[in-house]
Q: 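Okay, here's the structure, questions in a sec.
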Amino acid sequence: MKTVRLGLIGVGRIGSVHYQNLKRIDGVHLRALCDLKVDGRWEKQFTADYFTNDYQRVLSDPEIDAVLICTPTNLHPQMVKEAVLAHKDVFCEKPVGFDMDEILGTYEVIKQASSLVQVGFNRRYDKSFARIIELRDQDAIGDPQILKITSRDPEPPSHDYVAVSGGIFMDMTIHDFDMARFITGQEVESVYATGGIMIDPGIAQYDDLDTAITTLNFVNGMIGVIDNSRQATYGYDQRIELFGSKGMAHAGNVRESTTALATKAGTVDDNPLFFFLQRYIDAYKTEIESFLDSVRNREATKCTYEDGIKAIRIAEAAKQSYQEKKPVEVKNIYGD
(Lines give C-alpha, C1' and ligand atoms only; values in the text may rest on other atoms or scores of the structure.)
Protein backbone atom coordinates (compact mmCIF):
# COMPACT_ATOMS: atom_id res chain seq x y z
CA MET A 1 0.00 0.00 0.00
CA LYS A 2 1.38 3.38 -1.03
CA THR A 3 1.78 5.74 1.91
CA VAL A 4 -0.04 9.05 1.48
CA ARG A 5 1.69 12.04 3.06
CA LEU A 6 -0.84 14.46 4.52
CA GLY A 7 -1.14 17.97 5.86
CA LEU A 8 -4.08 18.74 8.15
CA ILE A 9 -5.15 22.39 8.04
CA GLY A 10 -7.48 23.35 10.88
CA VAL A 11 -7.47 21.28 14.05
CA GLY A 12 -10.70 22.39 15.69
CA ARG A 13 -13.57 20.05 16.53
CA ILE A 14 -13.90 18.31 13.18
CA GLY A 15 -10.18 18.55 12.41
CA SER A 16 -9.48 16.74 15.67
CA VAL A 17 -11.90 13.98 14.66
CA HIS A 18 -10.01 13.48 11.40
CA TYR A 19 -6.69 13.54 13.25
CA GLN A 20 -7.81 10.76 15.59
CA ASN A 21 -9.08 8.68 12.67
CA LEU A 22 -5.86 9.16 10.70
CA LYS A 23 -4.02 7.56 13.61
CA ARG A 24 -6.18 4.45 13.10
CA ILE A 25 -5.65 4.19 9.32
CA ASP A 26 -2.75 2.31 7.71
CA GLY A 27 -0.73 3.81 4.88
CA VAL A 28 -0.83 7.39 6.17
CA HIS A 29 2.02 9.67 7.15
CA LEU A 30 0.91 12.87 8.88
CA ARG A 31 3.51 15.35 7.74
CA ALA A 32 2.08 18.62 9.10
CA LEU A 33 -0.57 20.01 11.44
CA CYS A 34 -1.58 23.62 10.79
CA ASP A 35 -3.73 25.79 13.03
CA LEU A 36 -3.74 29.40 14.19
CA LYS A 37 -3.56 28.19 17.80
CA VAL A 38 -0.38 26.15 17.36
CA ASP A 39 2.07 26.66 20.22
CA GLY A 40 4.77 24.75 22.04
CA ARG A 41 2.28 22.48 23.78
CA TRP A 42 1.11 20.86 20.56
CA GLU A 43 4.12 18.53 20.36
CA LYS A 44 2.92 16.89 23.57
CA GLN A 45 -0.69 16.54 22.37
CA PHE A 46 -0.27 15.56 18.72
CA THR A 47 2.05 13.61 16.44
CA ALA A 48 3.33 15.07 13.17
CA ASP A 49 6.63 15.95 11.54
CA TYR A 50 6.03 19.62 12.23
CA PHE A 51 3.45 22.14 13.42
CA THR A 52 2.74 25.53 11.90
CA ASN A 53 0.23 28.37 11.88
CA ASP A 54 1.00 29.16 8.23
CA TYR A 55 -1.01 27.06 5.78
CA GLN A 56 1.14 28.34 2.92
CA ARG A 57 4.02 26.37 4.37
CA VAL A 58 1.91 23.22 4.13
CA LEU A 59 0.87 23.90 0.54
CA SER A 60 4.45 24.58 -0.56
CA ASP A 61 5.85 21.46 1.10
CA PRO A 62 6.96 19.01 -1.64
CA GLU A 63 6.80 16.16 0.89
CA ILE A 64 2.99 16.51 1.16
CA ASP A 65 0.71 14.69 -1.31
CA ALA A 66 -2.68 15.83 -0.04
CA VAL A 67 -4.29 18.18 2.46
CA LEU A 68 -7.37 18.07 4.64
CA ILE A 69 -9.01 21.51 4.94
CA CYS A 70 -11.05 21.79 8.13
CA THR A 71 -11.03 25.56 8.59
CA PRO A 72 -14.05 27.92 8.89
CA THR A 73 -16.35 27.75 5.87
CA ASN A 74 -15.60 31.23 4.55
CA LEU A 75 -11.96 30.19 4.02
CA HIS A 76 -12.71 27.03 2.03
CA PRO A 77 -12.82 28.37 -1.55
CA GLN A 78 -9.51 30.23 -1.39
CA MET A 79 -7.68 27.44 0.43
CA VAL A 80 -8.99 24.75 -1.93
CA LYS A 81 -7.98 26.83 -4.94
CA GLU A 82 -4.48 27.46 -3.59
CA ALA A 83 -4.06 23.78 -2.70
CA VAL A 84 -5.07 22.67 -6.20
CA LEU A 85 -2.71 25.21 -7.77
CA ALA A 86 0.01 23.76 -5.53
CA HIS A 87 -0.77 20.33 -7.05
CA LYS A 88 -2.14 18.86 -3.84
CA ASP A 89 -5.12 16.53 -3.65
CA VAL A 90 -7.74 18.01 -1.35
CA PHE A 91 -10.30 16.86 1.16
CA CYS A 92 -12.49 19.83 2.16
CA GLU A 93 -15.12 19.85 4.87
CA LYS A 94 -18.65 20.91 3.94
CA PRO A 95 -19.94 23.33 2.88
CA VAL A 96 -17.50 24.37 0.18
CA GLY A 97 -18.08 28.04 0.95
CA PHE A 98 -20.57 30.85 1.38
CA ASP A 99 -19.70 33.19 -1.50
CA MET A 100 -20.85 31.61 -4.77
CA ASP A 101 -18.55 33.74 -6.92
CA GLU A 102 -15.57 32.44 -4.95
CA ILE A 103 -16.90 28.88 -5.04
CA LEU A 104 -17.35 28.94 -8.82
CA GLY A 105 -13.94 30.54 -9.30
CA THR A 106 -12.39 27.64 -7.41
CA TYR A 107 -14.50 25.16 -9.40
CA GLU A 108 -13.05 26.47 -12.66
CA VAL A 109 -9.53 25.99 -11.30
CA ILE A 110 -10.36 22.42 -10.22
CA LYS A 111 -11.71 21.52 -13.65
CA GLN A 112 -8.43 22.57 -15.26
CA ALA A 113 -6.21 20.77 -12.75
CA SER A 114 -5.16 17.18 -12.15
CA SER A 115 -5.75 17.35 -8.40
CA LEU A 116 -8.52 15.28 -6.82
CA VAL A 117 -11.02 17.05 -4.57
CA GLN A 118 -13.44 15.42 -2.13
CA VAL A 119 -16.08 17.20 -0.04
CA GLY A 120 -16.79 16.00 3.50
CA PHE A 121 -20.40 14.89 3.47
CA ASN A 122 -19.75 12.10 5.93
CA ARG A 123 -23.28 10.65 5.98
CA ARG A 124 -22.69 9.18 2.52
CA TYR A 125 -20.35 6.72 4.22
CA ASP A 126 -22.73 5.52 6.93
CA LYS A 127 -23.19 1.78 6.39
CA SER A 128 -26.94 1.83 7.10
CA PHE A 129 -27.62 4.58 4.59
CA ALA A 130 -25.34 2.90 2.07
CA ARG A 131 -27.44 -0.25 2.44
CA ILE A 132 -30.52 1.66 1.22
CA ILE A 133 -28.65 2.48 -1.98
CA GLU A 134 -27.64 -1.16 -2.42
CA LEU A 135 -31.29 -2.21 -2.12
CA ARG A 136 -32.33 0.52 -4.55
CA ASP A 137 -29.76 -0.60 -7.09
CA GLN A 138 -30.86 -4.23 -6.67
CA ASP A 139 -34.42 -3.13 -7.55
CA ALA A 140 -35.57 -4.50 -4.20
CA ILE A 141 -37.90 -1.54 -3.62
CA GLY A 142 -38.90 -1.04 -7.25
CA ASP A 143 -39.35 2.44 -8.67
CA PRO A 144 -38.56 4.98 -5.89
CA GLN A 145 -41.54 7.23 -5.18
CA ILE A 146 -41.15 8.86 -1.76
CA LEU A 147 -38.08 9.86 0.26
CA LYS A 148 -38.38 10.79 3.95
CA ILE A 149 -35.45 12.18 5.93
CA THR A 150 -35.57 13.05 9.62
CA SER A 151 -32.60 14.97 10.99
CA ARG A 152 -32.88 16.46 14.49
CA ASP A 153 -30.12 17.65 16.79
CA PRO A 154 -30.24 16.88 20.52
CA GLU A 155 -29.71 20.50 21.55
CA PRO A 156 -29.51 23.90 19.85
CA PRO A 157 -26.15 25.45 18.97
CA SER A 158 -24.73 28.51 20.72
CA HIS A 159 -25.58 31.96 19.44
CA ASP A 160 -21.92 32.46 18.54
CA TYR A 161 -22.18 29.45 16.25
CA VAL A 162 -25.52 30.49 14.74
CA ALA A 163 -24.10 33.93 13.92
CA VAL A 164 -21.52 32.45 11.51
CA SER A 165 -23.25 29.23 10.45
CA GLY A 166 -24.98 30.51 7.33
CA GLY A 167 -28.41 29.50 8.67
CA ILE A 168 -30.20 26.21 9.22
CA PHE A 169 -30.51 25.32 5.53
CA MET A 170 -26.83 25.93 4.79
CA ASP A 171 -25.47 24.55 8.04
CA MET A 172 -27.77 21.70 9.06
CA THR A 173 -30.12 20.73 6.24
CA ILE A 174 -27.32 20.83 3.68
CA HIS A 175 -26.36 17.32 4.87
CA ASP A 176 -29.90 16.19 4.12
CA PHE A 177 -29.93 17.91 0.73
CA ASP A 178 -26.81 15.99 -0.21
CA MET A 179 -28.32 12.76 1.09
CA ALA A 180 -31.52 13.39 -0.89
CA ARG A 181 -29.47 13.38 -4.11
CA PHE A 182 -27.29 10.49 -2.95
CA ILE A 183 -30.01 8.15 -1.71
CA THR A 184 -32.27 8.64 -4.73
CA GLY A 185 -29.63 9.05 -7.44
CA GLN A 186 -31.77 11.92 -8.74
CA GLU A 187 -31.47 15.70 -8.93
CA VAL A 188 -33.82 17.98 -7.03
CA GLU A 189 -35.88 20.14 -9.37
CA SER A 190 -37.70 22.41 -6.88
CA VAL A 191 -38.30 22.84 -3.16
CA TYR A 192 -40.86 24.33 -0.81
CA ALA A 193 -39.64 25.14 2.68
CA THR A 194 -41.49 26.27 5.78
CA GLY A 195 -40.33 26.66 9.35
CA GLY A 196 -40.24 28.73 12.49
CA ILE A 197 -38.58 29.49 15.80
CA MET A 198 -39.97 27.00 18.31
CA ILE A 199 -36.99 26.39 20.57
CA ASP A 200 -34.78 29.45 21.02
CA PRO A 201 -36.37 32.88 20.44
CA GLY A 202 -32.91 34.43 20.64
CA ILE A 203 -31.88 33.21 17.20
CA ALA A 204 -34.39 35.59 15.61
CA GLN A 205 -31.70 38.26 15.76
CA TYR A 206 -29.67 36.19 13.28
CA ASP A 207 -32.56 35.82 10.82
CA ASP A 208 -32.47 32.07 11.34
CA LEU A 209 -34.82 29.17 12.20
CA ASP A 210 -34.58 26.23 14.55
CA THR A 211 -37.36 24.12 13.02
CA ALA A 212 -38.01 23.46 9.32
CA ILE A 213 -39.74 21.15 6.87
CA THR A 214 -38.64 21.06 3.24
CA THR A 215 -40.58 19.36 0.46
CA LEU A 216 -38.54 18.18 -2.54
CA ASN A 217 -39.64 17.56 -6.10
CA PHE A 218 -37.19 15.44 -8.11
CA VAL A 219 -36.63 15.55 -11.86
CA ASN A 220 -37.95 11.99 -12.25
CA GLY A 221 -41.26 12.88 -10.60
CA MET A 222 -40.70 11.41 -7.16
CA ILE A 223 -41.19 13.52 -4.04
CA GLY A 224 -39.41 13.89 -0.73
CA VAL A 225 -39.68 15.56 2.64
CA ILE A 226 -37.01 16.57 5.15
CA ASP A 227 -37.85 17.53 8.73
CA ASN A 228 -35.32 19.31 10.90
CA SER A 229 -35.28 20.39 14.52
CA ARG A 230 -32.46 21.88 16.54
CA GLN A 231 -33.67 20.12 19.72
CA ALA A 232 -34.81 16.53 20.09
CA THR A 233 -34.68 15.99 23.84
CA TYR A 234 -34.31 12.20 23.49
CA GLY A 235 -31.11 12.26 21.40
CA TYR A 236 -29.63 12.66 17.93
CA ASP A 237 -32.49 11.60 15.65
CA GLN A 238 -31.29 10.40 12.23
CA ARG A 239 -33.61 8.33 10.01
CA ILE A 240 -34.06 7.81 6.27
CA GLU A 241 -36.82 5.98 4.41
CA LEU A 242 -37.01 5.29 0.68
CA PHE A 243 -40.41 4.01 -0.48
CA GLY A 244 -41.02 2.46 -3.88
CA SER A 245 -43.36 0.42 -6.02
CA LYS A 246 -42.16 -2.91 -4.56
CA GLY A 247 -41.45 -1.97 -0.97
CA MET A 248 -39.61 0.30 1.44
CA ALA A 249 -36.07 0.53 2.83
CA HIS A 250 -35.63 2.22 6.20
CA ALA A 251 -32.50 3.10 8.20
CA GLY A 252 -33.27 3.89 11.82
CA ASN A 253 -31.42 5.45 14.72
CA VAL A 254 -28.31 4.01 16.31
CA ARG A 255 -28.99 3.52 20.02
CA GLU A 256 -26.87 3.30 23.13
CA SER A 257 -27.51 -0.44 23.09
CA THR A 258 -29.80 -2.94 21.38
CA THR A 259 -31.19 -4.00 24.75
CA ALA A 260 -34.89 -3.49 25.47
CA LEU A 261 -36.72 -3.95 28.75
CA ALA A 262 -40.13 -5.61 28.36
CA THR A 263 -42.51 -5.75 31.32
CA LYS A 264 -46.25 -5.76 31.91
CA ALA A 265 -46.10 -1.96 31.90
CA GLY A 266 -44.59 -1.84 28.41
CA THR A 267 -41.36 -2.11 26.46
CA VAL A 268 -38.55 0.42 26.78
CA ASP A 269 -35.60 0.84 24.40
CA ASP A 270 -32.50 2.97 24.87
CA ASN A 271 -32.54 6.46 23.36
CA PRO A 272 -30.55 7.28 20.22
CA LEU A 273 -26.92 8.25 20.63
CA PHE A 274 -26.73 11.85 21.80
CA PHE A 275 -23.85 13.37 19.86
CA PHE A 276 -23.18 13.44 16.12
CA LEU A 277 -19.58 12.34 16.64
CA GLN A 278 -20.87 9.19 18.34
CA ARG A 279 -23.44 8.51 15.63
CA TYR A 280 -21.11 9.00 12.68
CA ILE A 281 -17.67 8.18 14.05
CA ASP A 282 -17.27 5.18 11.73
CA ALA A 283 -18.56 7.16 8.74
CA TYR A 284 -15.95 9.86 9.34
CA LYS A 285 -13.22 7.23 9.24
CA THR A 286 -14.66 5.57 6.12
CA GLU A 287 -14.86 8.84 4.18
CA ILE A 288 -11.17 9.55 4.82
CA GLU A 289 -10.28 6.00 3.78
CA SER A 290 -12.28 6.57 0.59
CA PHE A 291 -10.36 9.78 -0.08
CA LEU A 292 -7.03 8.04 0.47
CA ASP A 293 -8.02 5.25 -1.91
CA SER A 294 -8.83 7.86 -4.58
CA VAL A 295 -5.45 9.50 -4.05
CA ARG A 296 -3.56 6.21 -4.29
CA ASN A 297 -5.45 4.93 -7.32
CA ARG A 298 -5.90 8.30 -9.06
CA GLU A 299 -9.65 7.68 -9.24
CA ALA A 300 -12.47 10.20 -8.99
CA THR A 301 -13.62 10.90 -5.45
CA LYS A 302 -17.06 9.68 -4.38
CA CYS A 303 -18.21 13.11 -3.21
CA THR A 304 -16.97 15.79 -5.57
CA TYR A 305 -16.71 19.56 -5.41
CA GLU A 306 -19.60 19.59 -7.88
CA ASP A 307 -21.68 17.64 -5.35
CA GLY A 308 -20.82 20.31 -2.81
CA ILE A 309 -22.07 23.08 -5.10
CA LYS A 310 -25.30 21.24 -5.89
CA ALA A 311 -26.10 20.87 -2.19
CA ILE A 312 -25.60 24.62 -1.75
CA ARG A 313 -27.92 25.37 -4.68
CA ILE A 314 -30.67 23.36 -2.98
CA ALA A 315 -30.00 25.20 0.32
CA GLU A 316 -30.24 28.54 -1.47
CA ALA A 317 -33.57 27.55 -3.01
CA ALA A 318 -34.90 26.39 0.37
CA LYS A 319 -33.99 29.68 2.05
CA GLN A 320 -35.59 31.66 -0.79
CA SER A 321 -38.69 29.48 -0.61
CA TYR A 322 -39.06 30.09 3.11
CA GLN A 323 -38.61 33.83 2.69
CA GLU A 324 -41.00 34.13 -0.26
CA LYS A 325 -43.45 31.46 0.95
CA LYS A 326 -43.61 29.70 -2.41
CA PRO A 327 -41.94 26.82 -4.28
CA VAL A 328 -38.57 27.70 -5.81
CA GLU A 329 -36.73 25.95 -8.62
CA VAL A 330 -33.19 24.79 -7.86
CA LYS A 331 -30.57 26.51 -9.97
CA ASN A 332 -27.88 24.60 -11.78
CA ILE A 333 -24.23 24.85 -10.78
CA TYR A 334 -23.74 28.13 -12.58
CA GLY A 335 -26.90 29.74 -11.25
CA ASP A 336 -29.07 29.45 -14.37
Q: Under the side chain to side chain contact (heavy atoms under 4.5 Å, CB included) criterion, do Q231 and D210 qualify, and how do the steps go?
A: CA-CA 8 Å; Q231 182 174 277; D210 56 31; over 6 Å; no
Q: Would you say that D153 contacts F276 through its side chain, given a criterion of any heavy-atom pair below 4.5 Å between the two side chains?
A: no
Q: If we ignore hydrogens and angles and just use 3.5 Å, is the side chain of T184 paired with the main-chain N or O of A180 as donor and acceptor?
A: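 Indeed, once roles are kept as given, a pair shorter than 3.5 Å links the two residues.
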Q: Between R5, R31, K88, which is the residue that forms a salt bridge (charged side-chain N to carboxylate O under 4.0 Å, His left out) with E63?
A: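 With E63 as partner, R5, R31, K88 yield a single salt bridge (charged side-chain N to carboxylate O under 4.0 Å, His left out), made by R5.
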Q: For K319, does the NZ atom have more than 12 heavy-atom neighbours from other residues, nucleotides or ligands under 6.0 Å away?
A: no
Q: Where do P77 and I103 come nearest, in terms of heavy atoms and distance?
A: CG-CG1, 4.0 Å
Q: Can you sort out the partners of E241 under salt bridge (charged side-chain N to carboxylate O under 4.0 Å, His left out), two or more places apart, ordered by chain and number?
A: none
Q: D89: which residues meet the side-chain hydrogen bond (donor to acceptor under 3.5 Å, both in side chains) condition with it, sequence neighbours left out?
A: R298
Q: Who else is in F274's hydrophobic cluster (ILVMFWY, side-chain heavy atoms under 4.5 Å, direct or via others)?
A: none
Q: P144 and R136: which non-hydrogen atoms are nearest, and at how many Å?
A: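 Shortest heavy-atom separation between P144 and R136 comes out as CG-CG, 4.2 Å.
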Q: Counting neighbours of CG on D137 that are heavy atoms of other residues, nucleotides or ligands and sit closer than 6.0 Å, is the number greater than 12?
A: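 Check passes, neighbour count above 12.
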Q: Would you check, one step at a time, whether the test salt bridge (Lys or Arg N to Asp or Glu O under 4.0 Å) holds for K310 with E187?
A: CA-CA 9 Å; K310 288 183 176 181; E187 299 296 343; 3.1 Å; yes
Q: With a 6.0 Å cut-off (strictly less than), is the heavy-atom count around CD of E329, excluding the residue itself, greater than 12?
A: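 No, CD of E329 has 12 or fewer neighbouring heavy atoms, counting only those of other groups under 6.0 Å.
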Q: How does the hydrophobic cluster around F291 look, that is, which other residues are in it when side-chain heavy atoms under 4.5 Å mark a link?
A: V4, L6, L8, V11, Y19, L22, I25, V28, L30, L33, V38, W42, F46, F51, L68, F91, I288, L292, V295
Q: Among the clusters formed by ILVMFWY side chains lying less than 4.5 Å apart, do I9 and Y305 turn up in the same one?
A: yes
Q: Carefully, step by step, assess Y125 and K302 under the rule side chain to side chain contact (heavy atoms under 4.5 Å, CB included).
A: CA-CA 10 Å; Y125 303 89; K302 294 181 180 179; 3.7 Å; yes
Q: Would you confirm whether Q205, through its side chain, and G202, through its main-chain N or O, come within 3.5 Å as a donor-acceptor pair?
A: yes
Q: Check the surroundings of atom NZ in K2: do more than 12 heavy atoms from other residues, nucleotides or ligands lie under 6.0 Å from it?
A: no
Q: Applying salt bridge (charged side-chain N to carboxylate O under 4.0 Å, His left out), can you list everything that pairs with E316, at least two apart in sequence or on another chain?
A: R313
Q: Side chains of P272 and Y234: does their closest heavy-atom pair fall under 4.5 Å?
A: yes
Q: Quick one: which residue pairs count as a side-chain hydrogen bond (donor to acceptor under 3.5 Å, both in side chains) with a foot in residues 75-87, not counting sequence neighbours?
A: Y55-E82, Q56-E82, Q78-E82
Q: Show me the pairs that pass side-chain hydrogen bond (donor to acceptor under 3.5 Å, both in side chains) and involve residues 242-251, at least two apart or across chains.
A: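 Those involving residues 242-251 are D139-K246.
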Q: Is L116 isolated, or which residues cluster with it under the ILVMFWY side-chain rule of less than 4.5 Å, directly or via members?
A: none
Q: Relative to the ring of F129, is the ring of Y280 parallel (under 30°), tilted (30 to 60°) or perpendicular (over 60°)?
A: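 It falls in the tilted class, 30° to 60°.
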Q: Could you go step by step and tell me if R41 and D39 meet the salt bridge (Lys or Arg N to Asp or Glu O under 4.0 Å) rule?
A: CA-CA 5 Å; R41 295 171 293 181; D39 59 31; 2.7 Å; yes
Q: Walk me through whether R296 and D293 qualify under salt bridge (Lys or Arg N to Asp or Glu O under 4.0 Å).
A: CA-CA 5 Å; R296 292 189 187 101; D293 285 343; 3.5 Å; yes
Q: D65 and H29: side-chain donor and acceptor closer than 3.5 Å?
A: no
Q: Provide the full list of ring pair (Phe, Tyr, Trp, His ring centres under 6.0 Å) pairs with a residue in residues 176-218, sequence neighbours left out, each pair given once.
A: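 For residues 176-218, and leaving out neighbouring residues, the ring pair (Phe, Tyr, Trp, His ring centres under 6.0 Å) pairs sorted by first residue read H159-Y206.
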Q: Under 6.0 Å from the CD atom of E43, do we count more than 12 heavy atoms belonging to anything else shown?
A: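 Open.
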Q: Using a 4.5 Å cut-off on heavy atoms from C-beta on, say whether the side chain of M179 contacts that of R124.
A: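 SC-SC contact between R124 and M179 confirmed.
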Q: If I compare all heavy atoms of I199 with all of P156, which pair ends up nearest, and what's the gap?
A: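 What the structure gives for the nearest pair is CG2-CG, 4.2 Å.
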Q: Going from OH on Y107 to CD on Q112, what distance comes out if it is rounded to the nearest 0.5 angstrom?
A: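 Rounded to the nearest 0.5 Å, the OH-CD separation comes out at 10.5 Å.
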Q: By the side-chain hydrogen bond (donor to acceptor under 3.5 Å, both in side chains) test, which pairs, at least two apart or in different chains, include something from residues 262-271?
A: S257-D270
Q: Side chains of R152 and D227: closer than 4.5 Å at any heavy-atom pair?
A: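 Yes, side chains in contact.
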Q: Determine, stepwise, if the pair Q118 / S290 fulfils side chain to side chain contact (heavy atoms under 4.5 Å, CB included).
A: CA-CA 9 Å; Q118 178 171 318; S290 177; 4.3 Å; yes
Q: Would Q238 and T150 count as having a side-chain donor-acceptor pair, cut-off 3.5 Å?
A: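 The answer is no; no qualifying pair exists.
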Q: Are more than 12 heavy atoms, taken from residues, nucleotides or ligands other than R24, located less than 6.0 Å from that residue's CZ atom?
A: yes
Q: Please report the closest heavy-atom contact between A311 and F121, naming both atoms and the distance.
A: CB-CZ, 3.8 Å
Q: Are I110 and I333 connected in the hydrophobic side-chain network, where two residues link if heavy atoms are under 4.5 Å apart?
A: yes
Q: Is there a path of hydrophobic side-chain contacts, each under 4.5 Å between heavy atoms, that joins Y334 and I314?
A: no
Q: To check you understand the geometry: which heavy-atom pair defines the closest contact between V191 and A318, and what is its length?
A: CG2-N, 3.6 Å
Q: Please give me the minimum heavy-atom distance between R57 and S60, naming the atom from each residue.
A: O-OG, 3.2 Å
Q: Can you find a heavy atom in the side chain of I312 that is under 4.5 Å from one in the side chain of I174?
A: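 Yes; the side chains approach each other to less than 4.5 Å.
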Q: Looking only at the side chains, is there a donor atom on one of T304 and D307 sitting less than 3.5 Å from an acceptor on the other?
A: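 Their side chains do contain a donor-acceptor pair, which is all the 3.5 Å distance test asks for.
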Q: Do the side chains of F169 and I197 join up, straight or via other hydrophobic residues, at under 4.5 Å, putting them in one cluster?
A: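 No; I197 is not reachable from F169 via cluster members.
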Q: Do D237 and N253 have side-chain atoms, one donor and one acceptor, less than 3.5 Å apart?
A: yes
Q: Could you walk me through whether R123 and D178 pass the salt bridge (Lys or Arg N to Asp or Glu O under 4.0 Å) check?
A: CA-CA 9 Å; R123 295 181 194 181; D178 180 69; over 6 Å; no
Q: Start with the C-alpha gap between I309 and L104, add the side-chain angles, then the distance that decides, and say whether side chain to side chain contact (heavy atoms under 4.5 Å, CB included) holds.
A: CA-CA 8 Å; I309 297 175; L104 291 178; 4.2 Å; yes
Q: Between V119 and M79, is there shared hydrophobic-cluster membership here, with clusters defined by ILVMFWY side-chain heavy atoms closer than 4.5 Å?
A: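 As far as the 4.5 Å side-chain criterion goes, M79 and V119 are connected within one cluster.
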Q: Would you mind listing the cluster partners of V254? Hydrophobic ones only (ILVMFWY), side-chain contacts under 4.5 Å, chaining allowed.
A: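 Grouped by the 4.5 Å side-chain rule, L273 form the rest of the cluster around V254.
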Q: Does T301 use its side chain to pair, donor to acceptor, with the backbone of V117 at less than 3.5 Å?
A: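 The answer is yes, because a donor-acceptor pair under 3.5 Å joins these two groups.
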Q: So which pairs with a foot in residues 162-175 pass side-chain hydrogen bond (donor to acceptor under 3.5 Å, both in side chains), sequence neighbours left out?
A: Y161-D171, D171-R230, T173-N228
